[in-house]
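Numbering starts at 1 and runs along the sequence shown.
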Amino acid sequence: MINAKFVTSVADPKQIKDYGIKEIAVAGRSNVGKSSFINFLCDNKNLAKTSSTPGRTRLINYFNINNELVLVDLPGYGYAKVGGEDKDNWDNLIGGYLQNSKNLIAVAILVDVRHEPSALDLQMIAFVHHFNIPFFIVATKADKLSKAQIQKQKQVLATGLKLGVENIVVTSSLKKMGKDEVLRQFDKFLNN
Ligand SMILES: Nc1nc2c(ncn2[C@@H]2O[C@H](COP(=O)(O)OP(=O)(O)OP(=O)(O)O)[C@@H](O)[C@H]2O)c(=O)[nH]1
Ligand SMILES: [Mg+2]
């Protein structure tokens with residue numbers, strides 16, 4: 001993934017456009033590491049803005065990869081400080097994107113490798129199931145655990161998400177771990 005370029009930010013589902021290029025979206029809880037994951041895949045730490053403060057990405061950001069694929073950085077869900085109308089707008093934005101993007105071929109749903117899946121993670125999976133959108137799970141921040149702990153957590157995640165372990169790719173953006181396996185997943189969806 002060498003030539004990665006920012007395309008646009010979208011704040012309203014009505015602004016969602018058809019770029020004529022296949023899209024893979026990156027979803028997950030706020031602060032799970034979505035923007036870092038995109039930067040890691042693209043070998044460019046300045047591409048998507050990251051932050052230790054949750055709720056950094058509030059818009060949908062599109063990144064064009066070699067004119068072959070568009071990676072879509074979605075706003076994180078479950079950000080506690082967003083409530084009421086703000087939260088509704090946010091849910092509409094993510095939901096609107098997922099339902100209205102003609103070129104969407106898969107969603108990478110990111111979960112922190114250290115934690116049990118949350119109710120919101122399960123909701124996200126139920127949502128993509130409902131709309132028949134292919135997805136796979138990316139466990140992030142694997143640098144925080146030992147190899148043995150990672151194996152154990154992979155099983156915990158698989159059980160909690162009611163999925164086979166083969167649907168879970170373990171990564172660390174910090175230690176640049178798991179890229180080949182992620183790219184294999186991408187190829188699988190791109191060539192389908
Ligand atoms: N140790 C470690 N920290 C990471 C990793 N990936 C991301 N982080 C850290 O986690 C925090 C959040 O990262 P982001 O990439 O901004 O997370 P995000 O999911 O885009 O967050 P929002 O845009 O707020 O939803 C930052 O402090 C990152 O440095 C990783 O692989 N390992
Ligand atoms: Mg982000």
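- A salt bridge does not link K176 to D143: none of the charged nitrogens lies less than 4.0 Å from a carboxylate oxygen.
- No chain of hydrophobic side-chain contacts below 4.5 Å, direct or via other Ile, Leu, Val, Met, Phe, Trp or Tyr residues, connects I168 to M177.
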Let me see the working for L69 and L190 under side chain to side chain contact (heavy atoms under 4.5 Å, CB included), right down to the final yes or no. CA-CA 9 Å; L69 171 69; L190 281 166; 4.0 Å; yes
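- Rounding to the nearest 0.5 angstrom, the gap separating the CE atom in M124 from the OH atom in Y77 is 5.0 Å.
- Between H129 and F135, the ring planes lie perpendicular to each other; the angle is over 60°, past the 30° to 60° tilted range.
- Without hydrogens or angle criteria, T140 side chain to V32 main chain gives a donor-acceptor distance under 3.5 Å.
- With rounding to the nearest 0.5 angstrom, the CG atom of L161 is 9.5 Å from the CG atom of N167.
- Residues I105 and P134 fail the side-chain proximity criterion, which asks for heavy atoms closer than 4.5 Å.
- Here N64 pairs with N67 under the side chain to side chain donor-acceptor pair (under 3.5 Å) rule; sequence neighbours left out.
- Q151 places no side-chain N or O within 3.5 Å of a backbone atom of A148 that could act as its donor or acceptor partner.
- Using modelled atom types, no side-chain atom of N66 and backbone atom of E68 make a donor-acceptor pair closer than 3.5 Å.
- In this structure, CD1 on I38 lies 7.5 Å from CG on L47, to the nearest 0.5 angstrom.
- Nearest heavy-atom pair across I65 and A4 is CD1-CB, 3.8 Å.
- Looking only at distances, a side-chain donor or acceptor of S118 sits under 3.5 Å from a matching main-chain atom of D121.
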Before you tell me yes or no, could you show the steps for Y19 and T8 under side chain to side chain contact (heavy atoms under 4.5 Å, CB included), namely the whole-Å CA-CA distance, both residues' side-chain angles and the distance that decides it to 0.1 Å? CA-CA 11 Å; Y19 294 100; T8 193; 2.8 Å; yes
From CA spacing to verdict: side chain to side chain contact (heavy atoms under 4.5 Å, CB included), V10, Y97: CA-CA 10 Å; V10 159; Y97 170 81; over 6 Å; no
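- Within the structure, salt bridge (charged side-chain N to carboxylate O under 4.0 Å, His left out) contacts touching residues 16-32 (residues at least two apart or in different chains) are D18-K102.
- A heavy-atom distance below 4.5 Å is found between the side chains of L93 and P75.
- The backbone N or O of G178 lies less than 3.5 Å from no partner atom in the side chain of E181, so there is not a single donor-acceptor pair.
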Are C42 and L71 close enough, and set up right, to give a side chain to side chain contact (heavy atoms under 4.5 Å, CB included), and what steps lead you there? CA-CA 10 Å; C42 298; L71 278 181; 4.2 Å; yes
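- Contact annotation: the side chain of L110 approaches that of V26 to within less than 4.5 Å [non-hydrogen atoms, C-beta and beyond].
- Of the possible polar contacts, one joining the Q99 side chain to the G95 backbone as a donor-acceptor pair under 3.5 Å is found.
- Residues I94 and I133 fall within the same hydrophobic cluster, defined by Ile, Leu, Val, Met, Phe, Trp and Tyr side chains chained together at heavy-atom separations under 4.5 Å.
- The backbone N or O of F40 lies less than 3.5 Å from no partner atom in the side chain of K45, so there is not a single donor-acceptor pair.
- Here N100 contributes atom CG and K14 contributes atom NZ; the two are 11.5 Å apart, rounded to the nearest 0.5 Å.
- Taking CG from L98 and NE2 from H130, the interatomic distance works out to 12.0 Å, rounded to the nearest 0.5 Å.
- With sequence neighbours left out, S9 forms a side chain to side chain donor-acceptor pair (under 3.5 Å) with N61.
- I16 and F131 fall within a single hydrophobic cluster, where Ile, Leu, Val, Met, Phe, Trp and Tyr are joined by side-chain heavy atoms under 4.5 Å apart, directly or via other members.
- A donor-acceptor pair under 3.5 Å links the side-chain atoms of N39 to the main chain of A48, judged by distance alone.
- Once rounded to the nearest 0.5 Å, the distance linking CZ of R114 with NZ of K141 reads 6.0 Å.
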